Amino acid sequence: REQEALTMSELSQGPDPTAHTDWERLRPVIDAALGDLGEADREAVLLRFFAGLTIREAAEVLGISPATADRYWTYARAWLYRELAPEGES
């Protein structure tokens with residue numbers, strides 16, 4: 001969880017001059033990983049992480065229950081962590 005939080009924090013950092021370079025390096029990796037997720041799980045990530053919605057708000061947008069949205073988010077987050085973790089750390 002700490003590594004995931006650090007990665008998420010790094011991705012959302014603001015005016016650091018190296019942040020743009022880091023994002024450009026990470027973008028294709030994240031895009032590929034998101035592309036491998038199922039549609040529902042991908043939507044959960046996009047709404048929760050990139051749009052900043054709560055579980056309840058994401059559920060409303062997706063037309064599903066908060067419990068289902070939470071399940072999608074939990075699965076997608078774990079799957080992405082495993083996909084994006086450096087070799088041997090997952």
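Keep in mind that this is a model prediction, so the values were computed, not measured.
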#### Entry: Heavy-atom side-chain contact between Tyr81 and Arg77 under 4.5 Å
no

### Query
Is there a side-chain contact between Phe50 and Leu34, using heavy atoms and a 4.5 Å cut-off?
yes

### Shared hydrophobic cluster for Tyr72 and Leu84 (ILVMFWY, side-chain gaps under 4.5 Å)
no

### Query
Do Asp36 and Trp79 come within less than 4.5 Å of each other through their side chains, counting heavy atoms only?
yes

### Partners meeting side-chain contact (heavy atoms from CB on, under 4.5 Å) with Glu57 (sequence neighbours left out)
Leu53, Thr54

### Message
For Ser65, give me all partners under side-chain contact (heavy atoms from CB on, under 4.5 Å), at least two apart in sequence or on another chain.
### Response
Ala67, Thr68

### Query
With side chains defined as the heavy atoms from C-beta onward, is the minimum distance between Asp41 and Val45 less than 4.5 Å?
no

#### Entry: Residues that Leu62 engages under side-chain contact (heavy atoms from CB on, under 4.5 Å), provided they are two or more places apart
Glu43, Leu47, Ile64

### Nearest-0.5 Å distance that lies between atom CG in Leu80 and atom CG in Leu37
4.5 Å

### Message
With clusters defined by side-chain heavy atoms of hydrophobic residues (ILVMFWY) lying less than 4.5 Å apart, directly or transitively, does Leu46 cluster with Val61?
### Response
no

### Query
Can a salt bridge be assigned to the pair Glu39 and Arg42 using a cut-off of 4.0 Å between side-chain N and carboxylate O?
no

